Amino acid sequence: MTVRTLLPALWLILSVVNNAWAQPPARLADRIAAVENNLIPYVPVAGLNGWSLEERMRFHQVPGLTVAVIRDYKLDWQKSYGLADTVTRKPVTAETMFSAGSISKLVTAMAALRLVDQGKLDLDTPINQYLTSWKLAESDYTRKTPITLRMLLSHRGGTSQSSYFGYTPDRSSWPSVPDILAGKPGTESRPVVVNSEPGKEFRYSGGGYLVVQMALMDVMKQDFATLTETLLFKPLGLTRTTFAQPLPPALAPYASGAYSSNGWFKGMPYVYPQQAAAGLYATPAELARLMIDLQNSYRGRGGLLSQASARAMMQPLAVISEGFMREQIGLGAFLLQSALSTNERGRYFEHTGTNAGFIAYAIGSVEGGNGMVVMMNNNNGASELGKEIRRAVAQVYRWTDFLPKPLVPKVLPDTLLDAYVGRYRRGPDEVVSIRRAGNLLIEKINNGSDIICVPVGPDTIALTDYTAKAYFSRGQTGRIDSLRIEWDRKPWPRLPEDVYLPNELIRMNRLADAVTGYRALKLNVYQLTYMAYDFALSRPANLPAAETILELAREQYPKEGIVYARLGDLYQLRGEKQRAVDAFRQALLLDPADADTKQKLKGLGE
């Protein structure tokens with residue numbers, strides 16, 4: 001959030017008028033403009049002007065995106081923004097295809113249920129009865145409770161492998177689905193097994209969806225892209241939606257570039273043979289048409305699925321989280337509903353997708369025919385931007401029970417607001433900084449994003465990233481000495497102005513003092529090496545900080561191979577080949593099973 005957007009004269013209307021529409025604007029152009037200029041935090045603030053989409057794209061560093069909005073079971077509009085390729089300056093258009101990430105799972109569930117409707121699959125038959133190319137290994141868990149399609153589609157099968165990370169497109173060949181499931185060498189995956197009690201609870205598993213993919217392929221005796229084209233995309237006339245991986249030559253020109261600030265990212269769209277889990281490409285408008293078809297199936301109005309199957313998808317099978325929004329899992333669909341809502345129009349199905357360089361959000365109302373899809377070519381700040389766009393659509397289109405009630409700021413004296421400004425210690429290396437912005441306060445956790453905080457009474461603020469309040473407390477002198485969030489009984493003590501936590505000292509370039517602090521915290525080896533990895537591969541990188549932390553890790557954990565593996569990475573980044581080779585060799589002496597380090601040594605000619 002820029003200083004400009006925080007200037008109170010620009011964005012705080014003291015008359016406290018809620019700028020939500022009583023009804024969606026009648027004119028399409030006005031509806032689009034209202035969304036584009038109404039991006040808001042998680043909890044709306046009465047009188048707070050919305051951010052514009054353009055400025056939030058710049059803030060979150062998202063090159064390009066497309067939004068598609070559903071209203072009354074129809075595509076109301078779609079619009080594209082920014083660039084599909086930042087080098088050639090190619091714009092995003094309505095035909096630009098994005099990697100949909102885990103939204104693939106929602107679409108896979110639709111394909112599986114079409115086969116259920118056709119009598120080729122059953123939700124409660126043991127999945128191994130459908131598998132011929134590979135079998136889910138038997139264990140004490142599976143002997144007691146056989147794994148079924150219903151369990152796998154709802155992430156309750158107890159299967160391993162939460163996510164898949166794809167492959168860079170420079171490989172000469174791609175591993176097969178059976179090989180990935182078996183975790184064979186070259187797949188960069190562990191075997192998919194059942195390693196927790198089936199049917200007991202929700203546990204997200206991309207591996208479980210790969211089992212589903214294998215079952216569909218074995219039953220239909222077709223590759224996954226072909227069978228989903230036949231079952232879903234061709235009947236709906238979708239020409240820019242496919243599970244083909246990599247994209248075929250006819251569709252490749254329509255694909256957006258991929259962007260990420262993560263150090264591991266190789267600057268190109270990745271390939272995902274794990275298609276059911278992460279391999280879908282689509283345009284937002286075509287993905288919206290799939291969602292509309294599912295909504296029509298749910299109400300029995302001619303969708304691809306039977307009404308019974310669509311309703312099974314929306315049937316809650318396990319609770320994921322509680323809060324303002326209760327999150328549950330159905331078959332391939334995450335289900336959201338406000339804890340205070342009893343209106344069926346206030347139930348929503350959704351899925352988020354994140355792949356290397358991409359993020360996408362798809363959400364629809366179970367009843368009422370509302371929804372939206374946004375797909376973006378960045379996998380960092382796009383996460384927050386997607387939520388902001390979703391909230392803007394929800395506010396403009398008056399979605400039932402989706403947004404929390406707007407906060408109404410209470411105007412407090414300057415002396416009181418100034419008294420809250422300071423730094424509060426939330427954890428051993430976690431500082432919450434509070435500063436003023438007009439009549440509001442801004443919270444920042446370590447070096448994270450700004451969070452608007454609304455004064456709602458003396459010594460009381462409401463947060464806008466959660467539906468929660470926090471309370472300032474005073475010591476014997478009457479000075480504010482702590483801050484406590486309502487669900488935490490332990491207050492966060494105020495830090496003296498000359499006392500800094502280790503992460504603050506790093507940012508101040510006081511590396512020796514930071515090491516003294518981290519030494520006292522006695523972090524484990526993975527905390528230290530991950531921190532160093534983050535410093536080394538962040539953009540911009542902080543290689544001196546990375547080396548300082550790794551030297552502390554070597555001091556405290558001299559027999560851990562991961563320390564030397566990360567030192568090798570650091571030396572390689574600095575172009576010090578021999579030091580990198582020596583560090584990688586030491587890592588292998590301590591951990592001979594480290595396949596990643598072996599590969600790196602091979603790449604260095606060793």
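The basis for the numbers below is simple: all heavy atoms, side chains too, and nothing from hydrogens, waters or symmetry mates. These numbers were taken from a predicted model, which means no experiment stands behind them.
- Identified under the side chain to side chain donor-acceptor pair (under 3.5 Å) test for residues 224-235, with sequence neighbours left out: Asp223-Thr226.
- Checked against ring pair (Phe, Tyr, Trp, His ring centres under 6.0 Å), Tyr466 has the following partners two or more places apart in sequence or in another chain: Trp487.
- More than 12 heavy atoms of other shown residues, nucleotides or ligands fall within 6.0 angstrom of atom NZ in Lys444.
- Taking the six-membered ring for Trp and thresholds of 30 and 60 degrees, Tyr167 and Trp174 have ring planes inclined between 30 and 60 degrees apart.
- Residues satisfying the side-chain hydrogen bond (donor to acceptor under 3.5 Å, both in side chains) test with Lys200, not counting sequence neighbours, are none.
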Only distances under 3.5 Å count here; give the side-chain donor-acceptor pairs of residues 272-281 to other protein atoms, sequence neighbours excluded, each with its distance to 0.1 Å.
unit_1, atom_1, unit_2, atom_2, d
Tyr272, OH, Ala356, N, 3.0
Gln275, OE1, Gln213, NE2, 2.8
Gln275, NE2, Phe243, O, 2.9

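- In this structure Asp124 satisfies the salt bridge (Lys or Arg N to Asp or Glu O under 4.0 Å) test together with Arg150, sequence neighbours excluded.
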One pair to check against side chain to side chain contact (heavy atoms under 4.5 Å, CB included): Lys405 and Phe324. What are the steps and the verdict?
CA-CA 11 Å; Lys405 184 179 179 180; Phe324 169 73; over 6 Å; no

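- Within a 6.0 Å sphere centred on CD of Gln61, other residues, nucleotides and ligands contribute 12 heavy atoms or fewer.
- No side-chain N or O of Tyr130 forms a donor-acceptor pair with one of Asp122 less than 3.5 Å apart.
- The salt bridge (Lys or Arg N to Asp or Glu O under 4.0 Å) search around Lys387 returns Glu384, not counting sequence neighbours.
- Shown here for Ile461 and Cys453, the closest heavy-atom pair between the two residues is CD1-CB, 4.0 Å.
- Proximity of Phe224 to Val177: side-chain heavy atoms (C-beta onward) are nowhere separated by under 4.5 Å.
- If you check the side chains of Asp117 and Ser309, you find a donor sitting under 3.5 Å from an acceptor.
- Residues Asn377 and Leu83 form no side-chain contact, since every pair of their non-hydrogen atoms from C-beta on lies 4.5 Å or further apart.
- Asp534 meets the side-chain hydrogen bond (donor to acceptor under 3.5 Å, both in side chains) test with no other residue; sequence neighbours excluded.
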Requested in this report: Evaluate the salt bridge (charged side-chain N to carboxylate O under 4.0 Å, His left out) criterion for residues Glu388 and Arg56: first the C-alpha distance (whole Å), next the side-chain angles of each, then the deciding distance (0.1 Å), finally the verdict.
Outcome: CA-CA 9 Å; Glu388 292 170 3; Arg56 296 308 277 175; 2.8 Å; yes

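- A side chain to side chain donor-acceptor pair (under 3.5 Å) check over residues 357-371, counting only residues at least two apart or in different chains, returns the pairs Tyr361-Ser383.
- Scored by the salt bridge (Lys or Arg N to Asp or Glu O under 4.0 Å) test, Glu344 finds Arg347 as partners (sequence neighbours excluded).
- By the salt bridge (Lys or Arg N to Asp or Glu O under 4.0 Å) test, Arg391 pairs with no residue at all, sequence neighbours left out.
- Of all heavy-atom pairs spanning Ile329 and Leu335, the tightest one is C-CD1, 4.3 Å.
- When side chains are defined from C-beta on, Gln78 does not count as touching Val67, because their heavy atoms never get closer than 4.5 Å.
- Here the side chains of Asp465 and Pro41 are not in contact, with every heavy-atom distance at 4.5 Å or above.
- Taking the centre and axis of the six-membered ring of Phe402, the NZ or CZ atom of Arg390 falls outside the cone set by 45° and 6.0 Å.
- By the side-chain hydrogen bond (donor to acceptor under 3.5 Å, both in side chains) test, Lys79 pairs with Glu36, sequence neighbours left out.
- Tyr530 OH: 12 or fewer foreign heavy atoms inside a 6.0 Å radius.
- Side-chain atoms of Tyr348 do not come within 3.5 Å of backbone N or O of Ile363 as any donor-acceptor pair.
- Checked against the 6.0 Å centroid threshold, Tyr298 and Phe349 do not count as a close aromatic pair.
- Listed by chain and residue number, Thr66 satisfy the side-chain hydrogen bond (donor to acceptor under 3.5 Å, both in side chains) test with Ser80 (two or more places apart in sequence, or in another chain).
- Using the six-membered ring where Trp is involved, Phe358 and Phe98 have ring planes that are perpendicular, over 60° apart on the 30 and 60° scheme.
- When all heavy atoms are compared, the tightest approach of Val194 to Gly157 is CG1-O, 3.7 Å.
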